[in-house]
Participant: 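One structure follows; several queries about it will come next.
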Amino acid sequence: MSNRATNLLVPIVSVVLGLIVGAIIMLVSGYSPIEGYAALWNGIFGDLYTIGETLRQITPYLLAGLAVAFAFRSGLFNIGVEGQLIVGWFAAAYVGVAVELPKIIHLPLAILAAAVAGALWGFVPGLLKAKFRVHEVIVTIMMNYIALHVTNALIRTVSDGGDRTERIFASASLRSEFLENLTEFSRLHLGLLLALIMVAVMWFILEKTTLGFELKAVGFNQHASEYAGMNVNKNIIMAMVISGAFAGLAGAMEALGTFEYVSSKGGFTGIGFDGIAVALLGMNTPLGVVFGATLFGSLKYGALNMPNAAGIPIEIVEIVIAVIIFFVASGYIIRLLLLRAAGKKKEAK
Amino acid sequence: MSFLEILYFIVPSAIFYAAPLILVAIGGVFSERSGVVNIGLEGLMVIGAFVGILFNLLFADTFGGMTPWLALIAAMVAALLLSLLHAVASISFRADQVVSGVAINLLAIALALYLVKSIFDKGQTDFISERFARYNVPVLSEIPVIGPLFFTSVYNTSFFAIGVAFLAWFVIYKTPFGLRLRAVGEHPMAADTMGINVARMRYVAVMISGALAGIGGAIYAQTITGDFGHATINGQGFMALAAMIFGKWHPLGAMGAALFFGFAQSLSIVGSSIPYIQEIPNVFLLILPYVLTIFALAGFIGRANAPKANGKPYIKGQR
């Protein structure tokens, strides 16, 4: 079996194994896996409304996945997507409520604010990594909590002690009547287009620009890149800034499309962490992220139907996602087993 | 309120908040000293908290006052089993240890909430009836100043946590086992050539970290929250991870850092009733531990060096 084929098979095998583990857990805890997965299916594809909402859920997953994948390609593990998303969410919502401008200026401004906020939140760990060789994983985890507490405090200030901001002005909204009419008034918004454009942007940066070439080179081998005359530190910072900007945009999707406001949070949204799953499953390529986001976004939204239709707690899907990550991470053993299976077939011939 | 009165108010509450952090941070020290990064501490703590509460609710009538302590054992076993998953992935399957840790975190909270909803049919458990009780240590609490600070309305679990920290220091620095543990984390190949079973040492270390994180989670749930829901642990595991780094991967350092973070946490909760401190916006106290950890890592507070082989799977025969 060729290397390429095994690389493609690992995610597929992982997804199948994840669904099987989910079925076993449902069976053991006294639910019917068939009913459960049927409810999940209907929750995703049931009617036009659920399809619209599923696509709406996929939108931030696309951007969060891009953020994680982009950093991975430069050899960095950005666990801070969650925090970058939260500050982006706040920044976009703040611009959305603070001023009223013509749509042609207001909407891009709000989107830009989210990207800048996320980029800034990514810049800190990037700078610390470049200047002090501090591992980005720990810094980004810490930055997540700082983002959570700081935005909560800011929301309280902005809303005079309340726990959510006003609704954003229509001039900053990503919602579109056309998409709503098309999908029986789901919250599907134009952000999906923006997210798909960003997929192309990431592909373009990585494959068609000098910056992308350098970022990938640094990801492969820092020392070799340095000997080749690349500025490793600059590339590390750039990678984190761009990754953070993608994450900030994911926040803008929630601020300007789905919710049209920002409320203070007791805990994380989870989108940022699921972004890790999306990127891993998509093998850190732009196209792979589209598949990963589609799968996990659908699972996540479809799960909402499981308690009503089959009486199964929605957390079963989170378990499935965690197990999938676990298997993708353990790709070494799956690859080994696949190769062994292929080897045996050859011997049999 | 005089200064001393403020101290009488804050210090016991700081120790109270620090106890679970100390245990989980020590767990992290064991795992990372052996070379296995354990981001999964948060998830292991979640499972500990859930199993602790569940055991307490189920067996409170049978065991009475002993229930919370027995619940710690149940939580320890459960978290140890979950940590085995991390060990298998990161040691035997050569998975990226950070990714595997993230998976453990996602899995733990999902599994715990799934079981809560299956068993209780709602988002959180009932409140437990048998909690760890506060008490005044006889004789010692009569000592002026020190008595009210450290021996009045205390939990036994706090003494237990501090005891574990000293025990961990002894084990890691004064026993052959500890030497092997550190060797495996610094230079696994050298350790291997000297006849140490690298994989076995790492398995044991990860299991110790799971056990301690489970106990820490169960203590947190049984002293501070009293029930289990989605926000029960909410970042305590990452706080413990921060304490471990801030304490420079040393058990006593981790204990000191955990005490300090407990202090910051209790300030953010009781601070509103203390003069001067009530004027500091709460958010600064909330983010203090995280900001300090970043400073510590950046080398502003002395250099913090991770064990050299931390995070790298050991592959026999590879240079």
Side-chain angles (χ1 to χ4, degrees), chain A residues 25-26 29-31 77 79 124-125 127-128 131-135 137-139 141-154 156-157 266-268 270 273-274 276-277 280 307 311-334 336, chain B residues 37 39 42-43 85-86 88-90 92-119 123 230-231 234-235 238-239 241-242 245 268 281-287 289-294 297-300 304 306 310-311 313:
Chain A
I25 291 176
M26 280 191 263
S29 49
Y31 301 111
F77 194 170
I79 299 200
V124 175
L127 182 75
L128 290 172
K131 292 282 172 221
F132 300 105
R133 296 286 143 206
V134 184
H135 204 292
V137 165
I138 305 295
V139 179
I141 290 175
M142 300 301 137
M143 292 292 285
N144 282 344
Y145 284 96
I146 297 174
L148 184 68
H149 293 305
V150 168
T151 49
N152 279 350
L154 286 174
R156 226 167 294 132
T157 316
F268 290 123
F273 298 120
D274 289 338
I276 299 169
L280 282 172
I312 300 171
I314 53 173
E315 279 76 18
I316 186 70
V317 160
E318 316 260 345
I319 295 174
V320 170
I321 292 177
V323 172
I324 292 174
I325 304 182
F326 185 79
F327 282 120
V328 176
S330 310
Y332 160 76
I333 200 78
I334 295 180
L336 200 73
Chain B
V37 170
I39 303 265
E42 170 88 3
L85 210 59
H86 181 55
V88 170
S90 51
S92 300
F93 292 176
R94 302 177 196 172
D96 184 317
Q97 298 171 2
V98 175
V99 176
S100 159
V102 168
I104 294 287
N105 288 338
L106 292 176
L107 183 64
I109 188 75
L111 197 62
L113 283 180
Y114 177 82
L115 291 173
V116 166
K117 284 184 182 167
S118 305
I119 298 169
H230 73 279
N234 206 2
F238 288 120
M239 182 92 78
L241 194 74
I245 295 164
S268 72
N282 206 1
V283 59
F284 290 112
L285 295 168
L286 285 172
I287 65 174
Y290 307 113
V291 175
L292 278 174
T293 304
I294 293 177
L297 278 169
F300 297 144
N310 207 7

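Letters go in sequence order (proteins before strands), and every chain restarts at 1.
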Participant: Where on A:Ile324 is there a heavy atom nearer than 4.5 Å to chain B: the side chain, the backbone, both, or neither?
Facilitator: neither
Participant: For A:Ile276, is it the side chain, the backbone, both, or neither that has a heavy atom closer than 4.5 Å to a heavy atom of chain B?
Facilitator: side chain
Participant: At a 4.5 Å cut-off on heavy atoms, which part of B:Val98 comes close to chain A: side chain, backbone, both, or neither?
Facilitator: both
Participant: Using non-hydrogen atoms only, which part of A:Phe326 is less than 4.5 Å away from chain B: side chain, backbone, both, or neither?
Facilitator: both
Participant: Relative to chain B, which segment of A:Val139 carries a heavy atom at a distance below 4.5 Å: side chain, backbone, both, or neither?
Facilitator: both
Participant: Taking all atoms of both residues into account, what is the closest heavy-atom pair of B:Ser118 and A:Pro313, and its distance?
Facilitator: OG-CG, 3.9 Å
Participant: As an exercise: rank A:Ile325, A:Ile334, A:Ile79, A:Asn144 by heavy-atom pairs under 4.5 Å with chain B and give me the winner.
Facilitator: A:Ile325
Participant: Under 4.5 Å from any heavy atom of chain A, what part of B:Ala231 do you find: side chain, backbone, both or neither?
Facilitator: neither
Participant: So what's closer than 4.5 Å to chain A heavy atoms on B:Leu115: side chain, backbone, both or neither?
Facilitator: neither
Participant: Please classify the contact of B:Leu241 with chain A as side chain, backbone, both or neither, using a heavy-atom distance under 4.5 Å.
Facilitator: side chain
Participant: Roughly how far apart are B:Asn310 CG and A:His135 NE2, rounded to 0.5 Å?
Facilitator: 8.5 Å
Participant: Of all the heavy-atom pairs spanning A:Ser29 and B:Tyr114, show the shortest one and how long it is.
Facilitator: OG-OH, 2.7 Å
Participant: Counting C-beta onward and ignoring hydrogens, is there a side-chain heavy-atom pair between B:Ile294 and A:Ile146 closer than 4.5 Å?
Facilitator: yes
Participant: How long is the gap from CG on B:Asn282 to CZ on A:Arg156, to the nearest 0.5 Å?
Facilitator: 7.5 Å
Participant: Who passes ring-ring contact (aromatic ring centres under 6.0 Å, His included) against A:Phe273, sequence neighbours left out?
Facilitator: A:Phe268
Participant: So for A:Ile312, is it side chain, backbone, both, or neither that comes closer than 4.5 Å to the heavy atoms of chain B?
Facilitator: side chain
Participant: Among A:Val137, A:Val328, A:Ile316, which residue has the highest count of heavy-atom pairs closer than 4.5 Å to chain B?
Facilitator: A:Ile316
Participant: Which bit of A:Ile141 is near chain B, if near means a heavy-atom gap under 4.5 Å: side chain, backbone, both or neither?
Facilitator: side chain
Participant: Quick one: CG on A:Asp274 to CG on B:Leu106, what's the gap to the nearest 0.5 Å?
Facilitator: 6.5 Å
Participant: Between B:Val291 and chain A, which part of the residue has a heavy atom less than 4.5 Å away: side chain, backbone, both or neither?
Facilitator: both
Participant: Which atom names give the shortest non-hydrogen contact between A:Glu315 and B:Ala110, and what distance separates them?
Facilitator: CB-O, 3.4 Å
Participant: Taking side chain as everything from C-beta outward and backbone as N, CA, C, O, which of these in B:Ser90 sits under 4.5 Å from a heavy atom of chain A? Side chain, backbone, both or neither.
Facilitator: neither
Participant: Kindly assign one of parallel, tilted or perpendicular to the pair A:Tyr145 and B:Tyr290, based on the angle between their ring planes and the thresholds 30° and 60°.
Facilitator: parallel
Participant: Is B:Thr293 close to chain A through its backbone or its side chain, or both, or neither, when contacts mean heavy atoms under 4.5 Å?
Facilitator: side chain
Participant: Does any N or O in the side chain of B:Asn234 come within less than 3.5 Å of the main-chain N or O of A:Gly266, such that one atom is a donor and the other an acceptor?
Facilitator: yes
